[in-house]
Novice: 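Please read through the structure below; I'll follow up with questions.
It should be emphasised that the depicted structure is a prediction, and the values quoted were computed from it without experimental measurement.
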Number of protein chains: 2
Amino acid sequence: MPPPPNKPLPDCTIFLLAKAYQKAHAPFKQRLAPYGLTTMQHLVLEGLWHAEGQTAAELGKLLVLDKATLSGVLERLSEAGWIDKRPDPGDRRVVRLYPARRAERRKEELIALRTRANEELLAVFSPEEQVLLKRFLWDLM
Amino acid sequence: MPPPPNKPLPDCTIFLLAKAYQKAHAPFKQRLAPYGLTTMQHLVLEGLWHAEGQTAAELGKLLVLDKATLSGVLERLSEAGWIDKRPDPGDRRVVRLYPARRAERRKEELIALRTRANEELLAVFSPEEQVLLKRFLWDLM
DNA sequence: GGATAAACGTTCGCATACGAAGGAGAGGCC
DNA sequence: GGCCTCTCCTTCGTATGCGAACGTTTATCC
């Protein structure tokens with residue numbers, strides 16, 4: 001008996017996760033392009049709106065981000081005028097992060113953008129499936 | 001009434017996908033390190049074992065990979081002696097790709113490594129949940 | 001047959017990712 | 001105070017990831 005029709009890679013969950021992530025990201029990336037923001041930079045802004053004045057270490061923990069990666073993202077966000085990096089008066093090792101005016105002005109818009117991107121991503125699933133999928137992903141991370 | 005306890009980012013499926021992918025990848029990456037292979041390079045090898053003599057374009061389609069990204073990966077795999085790049089005699093634009101002896105020697109080992117990594121990743125789920133999760137991811141990509 | 005279009009792979013530029021090392025500062029301990 | 005350690009952030013090196021432009025080669029169309 002010949003082997004079943006080839007689906008060698010689809011059976012690799014790691015691969016499926018990578019590709020699902022890839023497909024989920026692309027449309028969001030396109031929507032952010034007019035703002036000159038990347039998805040990562042948008043994520044950082046949302047993290048700062050969650051709690052202003054965080055240190056880079058705190059933000060990295062919240063977003064599960066390597067500090068080395070975050071360093072570069074913060075520099076570009078700061079140079080583009082989206083955030084302010086202020087030295088902590090009490091601890092000179094620490095930088096505290098705040099959304100700049102430019103970010104505040106676009107806040108509602110940018111959050112709505114993410115909400116819509118997520119809704120469109122999940123549109124193929126029923127509400128029950130959506131809940132289940134989120135729980136699965138949550139268990140994985 | 002105060003807002004519910006903060007879970008601002010977990011409700012973002014795009015974020016969850018990114019982090020689930022991140023967590024799934026890390027252990028596999030560690031296991032591959034002794035071989036001097038990255039997860040991406042391992043994926044390319046599996047793609048070639050699936051069908052030898054593919055062109056870069058075909059392989060890119062199979063693995064859902066940008067040709068620009070693939071180009072660099074193939075160059076490093078070739079330099080490390082994992083694959084052979086042979087010009088197509090009939091079409092001088094095309095390069096055909098073959099696993100090298102080094103790859104053939106490690107083939108069983110490397111496939112087993114991926115199988116184990118996937119099993120461990122899915123260990124927290126019941127068999128039914130595993131099937132469901134894969135279907136969800138498949139629908140996303 | 002000759003111009004135009006399309007396909008293939010490479011290269012460039014920019015932005016993640018992350019391990020590893022490094023410099024500056026803060027805190028504990030004697 | 002002086003030493004050790006730990007933390008915070010930055011920097012470096014390497015590897016994706018992908019849009020865009022490029023040079024080569026092949027296919028198409030008139």
Side-chain angles (χ1 to χ4, degrees), chain A residues 14-15 17-30 32-44 54-61 63-80 82-83 85-97, chain B residues 14-15 17-30 32-44 54-61 63-80 82-83 85-97:
Chain A
I14 299 175
F15 171 77
L17 272 172
K19 294 313 157 183
Y21 162 71
Q22 203 177 1
K23 294 293 179 187
H25 245 248
F28 191 29
K29 182 180 173 183
Q30 296 306 318
L32 284 176
Y35 296 86
L37 282 173
T38 65
T39 56
M40 177 56 50
Q41 292 167 0
H42 180 281
L43 182 65
V44 166
Q54 287 179 95
T55 68
E58 289 167 348
L59 189 60
K61 220 163 290 178
L63 304 180
V64 198
L65 267 182
D66 191 275
K67 62 193 171 179
T69 303
L70 193 51
S71 187
V73 178
L74 292 176
E75 189 194 344
R76 284 182 287 276
L77 274 175
S78 177
E79 275 178 11
W82 290 102
I83 66 170
K85 298 168 73 168
R86 304 182 200 156
D88 185 301
D91 186 340
R92 283 191 296 177
R93 293 170 304 179
V94 171
V95 179
R96 298 209 167 266
L97 305 166
Chain B
I14 299 175
F15 172 76
L17 272 172
K19 294 314 158 183
Y21 162 71
Q22 202 176 3
K23 294 293 180 185
H25 245 248
F28 191 29
K29 182 179 173 184
Q30 296 306 317
L32 284 175
Y35 296 86
L37 283 173
T38 65
T39 55
M40 177 55 52
Q41 292 166 1
H42 180 281
L43 181 65
V44 166
Q54 287 179 96
T55 68
E58 289 167 349
L59 189 59
K61 220 162 290 177
L63 304 179
V64 196
L65 266 181
D66 192 273
K67 63 192 171 179
T69 303
L70 194 51
S71 186
V73 177
L74 292 176
E75 188 195 344
R76 284 182 287 277
L77 274 174
S78 177
E79 274 180 11
W82 290 102
I83 66 171
K85 297 169 73 169
R86 304 183 201 156
D88 184 302
D91 186 340
R92 281 190 298 176
R93 294 170 302 180
V94 171
V95 178
R96 299 208 166 266
L97 305 166

Novice: Is there a side-chain polar atom (N or O) of B/S71 under 4.0 Å from OP1 or OP2 of C/dT10?
Specialist: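 It does, given that an N or O in the side chain of B/S71 lies less than 4.0 Å from OP1 or OP2 of C/dT10.
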Novice: Using heavy atoms to find the nearest nucleotide of DNA chain D for A/Q22 and A/E75 separately, return the residue whose nucleotide is more 5′.
Specialist: A/E75
Novice: Within this structure, what is the CG-to-P distance between A/L32 and D/dG19, rounded to whole angstrom?
Specialist: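 So the two atoms are 14 Å apart, to the nearest Å.
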Novice: Are OP1 or OP2 of C/dC8 and a side-chain N or O of B/R92 less than 4.0 angstrom apart?
Specialist: no
Novice: Using atom CZ of B/R86 as one end and atom C1' of C/dC8 as the other, report the distance to the nearest whole Å.
Specialist: 19 Å
Novice: Would you mind reading off the distance between A/L43 atom CG and C/dA15 atom P, rounded to a whole angstrom?
Specialist: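 After rounding, the reported distance stands at 17 Å.
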Novice: Does A/Y21 make a side-chain N or O approach to OP1 or OP2 of C/dT16 shorter than 4.0 Å?
Specialist: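 Answer is no, no contact under 4.0 Å.
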Novice: Quick one: on DNA chain C, does A/G72 or A/G90 contact a more 5' nucleotide (nearest heavy atom)?
Specialist: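 Here A/G72 is the residue nearer the 5' end.
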Novice: Counting any heavy atom closer than 4.0 Å, what does A/A68 reach on the DNA or RNA strands: base, sugar-phosphate only, or nothing?
Specialist: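 Since a base atom lies under 4.0 Å of A/A68, the category is base.
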Novice: Donor-acceptor pair, A/K19 side chain versus B/L65 backbone, under 3.5 Å?
Specialist: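 The answer is no, because no donor-acceptor pair under 3.5 Å joins these two groups.
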Novice: Quick one: A/Q54 CD to D/dC9 P, roughly how many Å, whole number?
Specialist: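 Between P of D/dC9 and CD of A/Q54: 11 Å.
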Novice: Atom CZ of B/R76 and atom P of C/dG9: how far apart are they, to the nearest Å?
Specialist: 17 Å
Novice: With sugar-phosphate meaning primed atoms plus P, OP1 and OP2, does A/T39 contact a base, only sugar-phosphate, or nothing at under 4.0 Å between heavy atoms?
Specialist: nothing
Novice: Can you tell which of C/dC18, C/dG9, D/dC9 lies closest to the side chain of A/A56?
Specialist: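 Output: D/dC9.
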Novice: Looking only at the aromatic ring of each residue, does the gap between the centers of B/F28 and B/H42 stay below 6.0 angstrom?
Specialist: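 Between B/H42 and B/F28, the centre distance is under 6.0 Å.
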Novice: Kindly determine whether A/L74 and A/L59 satisfy side chain to side chain contact (heavy atoms under 4.5 Å, CB included), including the steps that lead there.
Specialist: CA-CA 11 Å; A/L74 292 176; A/L59 189 60; 4.3 Å; yes
Novice: Which nucleotide sits closest to the side chain of A/Q41: C/dT16, D/dT26, C/dA26?
Specialist: C/dT16
Novice: Take atom CD of B/Q30 and atom P of C/dG19, then tell me their distance rounded to the nearest Å.
Specialist: 7 Å
Novice: Mapping B/T69 and B/K61 to their closest nucleotides on DNA chain C, which lands nearer the 5' end?
Specialist: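 Comparing both residues, the 5'-ward one is B/K61.
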Novice: A/G36 and A/Q41: which non-hydrogen atoms are nearest, and at how many Å?
Specialist: O-OE1, 3.7 Å
Novice: Answer yes or no: does atom NZ of B/K61 have more than 12 heavy-atom neighbours from other residues, nucleotides or ligands under 6.0 Å?
Specialist: no
Novice: Would you indicate which nucleotide in C/dG9, D/dC18, C/dG25 comes nearest to any side-chain atom of B/V95?
Specialist: C/dG9
Novice: Please determine, for the side chain of B/D66, which listed nucleotide (D/dC18, C/dG9, C/dA21) has the closest atom?
Specialist: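 Of the candidates, D/dC18 comes closest.
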Novice: Output the rounded distance in Å from CG (A/L65) to P (C/dT16).
Specialist: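 Taking CG of A/L65 and P of C/dT16, I get 10 Å after rounding.
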Novice: Could you tell me whether the phosphate oxygens of D/dT10, OP1 or OP2, come under 4.0 Å of any side-chain nitrogen or oxygen in A/K85?
Specialist: yes
Novice: Please confirm whether the shortest side-chain N or O distance from A/T38 to OP1 or OP2 of C/dC14 is below 4.0 Å.
Specialist: no
Novice: Just how far, in rounded Å, is C1' of C/dT16 from CG of A/L74?
Specialist: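 Rounded to whole Å, this separation is 13 Å.
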Novice: What I'd like to find out is whether the side chain of B/H25 reaches to under 4.5 Å of the side chain of A/I14, using heavy atoms alone.
Specialist: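 Yes - at least one pair of side-chain heavy atoms lies under 4.5 Å apart.
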Novice: By nearest atom, which of the nucleotides C/dG25, C/dA6, C/dG9 is closest to the B/R93 side chain?
Specialist: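 That would be C/dA6.
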